[in-house]
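Quick one: this structure, given as structure tokens, is what I'll be asking you about.
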Protein chains: 2
Amino acid sequence: MTCSATHVTEQIRARGFRLTQPRMAILNVLYEAGGHLTPTEIFEHLHPKLPHVSEPTIYRNLDFLRLNGFVRATPTGNGRLEYEIVGHPHHHLRCQDCGTEIEIEHSLLQPLYERLEQSTGYRLTETHHTFLGYCPRCKPKGE
Amino acid sequence: MTCSATHVTEQIRARGFRLTQPRMAILNVLYEAGGHLTPTEIFEHLHPKLPHVSEPTIYRNLDFLRLNGFVRATPTGNGRLEYEIVGHPHHHLRCQDCGTEIEIEHSLLQPLYERLEQSTGYRLTETHHTFLGYCPRCKPKGE
DNA sequence: GTGCTTATTGTAACTTATTACAATAAAAAG
DNA sequence: CTTTTTATTGTAATAAGTTACAATAAGCAC
């Protein structure tokens with residue numbers, strides 16, 4: 001387990017929640033993957049080693065981890081959610097033709113967030129956005 | 001049928017597609033609703049009058065209408081999609097506490113889009129984003 | 001370690017979304 | 001109007017996501 005994974009597990013116990021086998025396993029899969037995974041992908045990663053871990057447990061724990069700020073839910077544009085370990089805040093830019101994705105720092109969106117907060121009175125919580133478009137390679141096709 | 005609905009149906013035929021009963025009915029429901037609806041909501045609106053129209057037809061037509069630019073799919077943040085008639089490009093700002101939604105003009109995001117395009121080489125297609133946060137009324141609770 | 005408390009889990013049932021393919025009906029031609 | 005073509009549909013089966021509730025096991029006290 002990585003250093004930051006240990007930090008998360010300590011946090012979970014410190015907040016009075018239980019450190020169960022499925023919960024740790026889900027975190028480990030997300031850490032090992034590095035990027036974002038769908039609930040089904042996580043289930044498939046886990047199933048060989050822990051065949052008793054059920055889908056509802058995956059969904060409930062992902063929601064639990066999200067509400068506690070340990071993972072982020074990223075809407076993929078097709079109306080499904082993927083999950084990833086919370087690191088630095090960022091967003092994605094995905095090519096709708098070939099699927100290539102690049103990360104963009106949240107700092108690029110910060111000015112927009114501030115402008116939106118001023119003009120609407122809302123306080124925005126930083127969440128993940130996926131911007132769709134055509135990557136430089138596929139751009140000619142899209143035109 | 002409204003003027004712009006007529007425009008859409010003409011466009012569909014002009015592009016060589018067929019103007020079927022389910023397709024028109026789905027468009028009408030979206031026009032009458034004014035805002036965004038889930039596929040299931042559309043199905044429920046339609047079912048009393050057209051009981052033979054099936055769910056797959058709803059999903060396929062929403063996808064068809066989206067690909068042809070007549071409706072917009074809006075990810076709601078919970079991992080589902082809602083659909084609405086394409087009018088002026090806009091986004092939503094939703095309160096994660098009480099659910100209140102307000103619209104913001106896409107023009108507010110245009111500068112960001114241009115900056116992203118310059119720094120990444122991608123060409124962004126205008127899509128809908130839902131920004132989550134707390135509305136002025138619920139802001140105190142979220143703090 | 002043993003027992004208690006209750007957060008968390010698995011099972012079962014259900015809702016929502018998607019796919020495959022044969023049947024249908026919209027549009028065009030005769 | 002009738003026939004032909006094929007985009008579009010409905011049916012049936014499946015995948016993905018959610019809910020309800022009784023069973024389990026994590027953490028705590030003894």
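Protein chains get the first letters and strands the later ones, always in sequence-line order, with residue 1 at the start of each. The analysis underlying the following values was restricted to heavy atoms, covering all of them including side chains, and did not include hydrogens, waters or symmetry mates.
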Practice prompt. Starting at atom NE2 of A:His47, determine the distance to atom P of D:dA16, rounded to an integer number of angstrom.
Written response: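 After rounding, the reported distance stands at 14 Å.
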
Worksheet entry | Side-chain N or O of B:Asn61 closer than 4.0 Å to phosphate OP1/OP2 of D:dT9 |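 True: B:Asn61 side-chain N/O within range (under 4.0 Å) of D:dT9 OP1/OP2.
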
Discussion item. Looking at C:dT15, I'd like to know if its phosphate oxygens (OP1 or OP2) sit under 4.0 Å from a side-chain N or O belonging to B:Thr40.
Written reply: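 For C:dT15, neither OP1 nor OP2 has a side-chain N or O of B:Thr40 closer than 4.0 Å.
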
Practice prompt. Please work out which of the three classes, parallel, tilted or perpendicular, describes the rings of A:His92 and A:His90, given edges at 30° and 60°.
Written response: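 Plane angle over 60°, so perpendicular.
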
Worksheet item: Taking the six-membered ring for Trp, are B:Phe131 and A:Tyr113 parallel (under 30°), tilted (30 to 60°) or perpendicular (over 60°)?
Response: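 If you compare the ring of B:Phe131 with that of A:Tyr113, the planes turn out perpendicular.
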
Discussion item. Are B:Leu116 and A:Leu108 packed together at the side-chain level, in the sense that at least one heavy-atom pair is separated by less than 4.5 angstrom?
Written reply: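 When only atoms from C-beta onward are counted, A:Leu108 and B:Leu116 do touch, with a gap below 4.5 Å.
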
Practice prompt. Pick base, sugar-phosphate or nothing for B:Ser54, based on heavy-atom distances below 4.0 Å to the nucleic acid.
Written response: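 Here B:Ser54 touches the bases of the nucleic acid.
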
Item to complete: Take atom CG of A:Asn78 and atom C1' of C:dA17, then tell me their distance rounded to the nearest Å.
Response: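 So the two atoms are 11 Å apart, to the nearest Å.
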
Discussion item. Using only atom types and a distance under 3.5 Å, with no angle test, would you say the side chain of B:Arg94 pairs donor to acceptor with the backbone of B:Thr76?
Written reply: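 Yes; at least one donor-acceptor contact below 3.5 Å.
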
Worksheet item: With a 4.0 Å cut-off, would you call B:Arg60 and B:Asp63 a salt bridge?
Response: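 Salt bridge absent between B:Arg60 and B:Asp63.
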
Worksheet entry | Whole-Å distance separating the CG atom of A:Leu65 from the P atom of C:dT8 |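 About 11 Å, once rounded to whole Å.
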
Worksheet entry | Whole-Å gap separating P (D:dG27) and CZ (A:Arg15) |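 Checked: the CZ to P distance equals 16 Å.
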
Item to complete: Sugar-phosphate means primed atoms, P, OP1 and OP2; the rest is base. With that split, encode nucleotides 19-30 of chain C 5' to 3' as B, S or - using protein heavy atoms under 4.0 Å.
Response: BB----BBS---

Practice prompt. For B:Asn78 and B:Arg80, indicate whether the former's side chain and the latter's backbone hold a donor-acceptor pair under 3.5 Å.
Written response: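 Such a contact is found between B:Asn78 side chain and B:Arg80 backbone.
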
Worksheet item: Starting at NE2 of B:His52 and ending at C1' of D:dA12, how long is that distance when rounded to a whole Å?
Response: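 Result: 19 Å.
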
Worksheet item: How close or far is atom C1' of D:dA16 from atom OH of A:Tyr83, stated in whole angstroms?
Response: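 Rounded to whole Å, this separation is 12 Å.
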
Item to complete: Could you state the atom-to-atom distance from CD1 of B:Ile26 to C1' of D:dT9 in whole Å?
Response: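 Going from CD1 in B:Ile26 over to C1' in D:dT9 covers 11 Å.
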
Which donor-acceptor pairs under 3.5 Å do the side chains of residues 42-55 of chain A make with protein atoms, sequence neighbours left out?
from    : atom 1 : to      : atom 2 : distance (Å)
A:His45 : ND1    : A:Glu41 : O      : 2.9
A:Ser54 : OG     : A:Thr57 : OG1    : 3.3

Discussion item. Rounded to whole Å, how long is the line connecting atom CG of B:Leu37 with atom P of C:dT16?
Written reply: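 Interatomic distance, CG of B:Leu37 to P of C:dT16: 14 Å.
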
Discussion item. Below the 4.0 Å mark, does C:dT16 have OP1 or OP2 next to a side-chain nitrogen or oxygen of B:Arg80?
Written reply: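 The answer is no; no side-chain N or O of B:Arg80 sits under 4.0 Å from OP1 or OP2.
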
Worksheet item: Given that B:Glu55 and A:Leu81 both sit by DNA chain D, which one's nearest nucleotide is further toward the 5' end?
Response: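 So the residue in question is B:Glu55.
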
Discussion item. Does D:dG17 have its OP1 or OP2 closer than 4.0 Å to a side-chain nitrogen or oxygen of A:Tyr59?
Written reply: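 Result: yes.
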
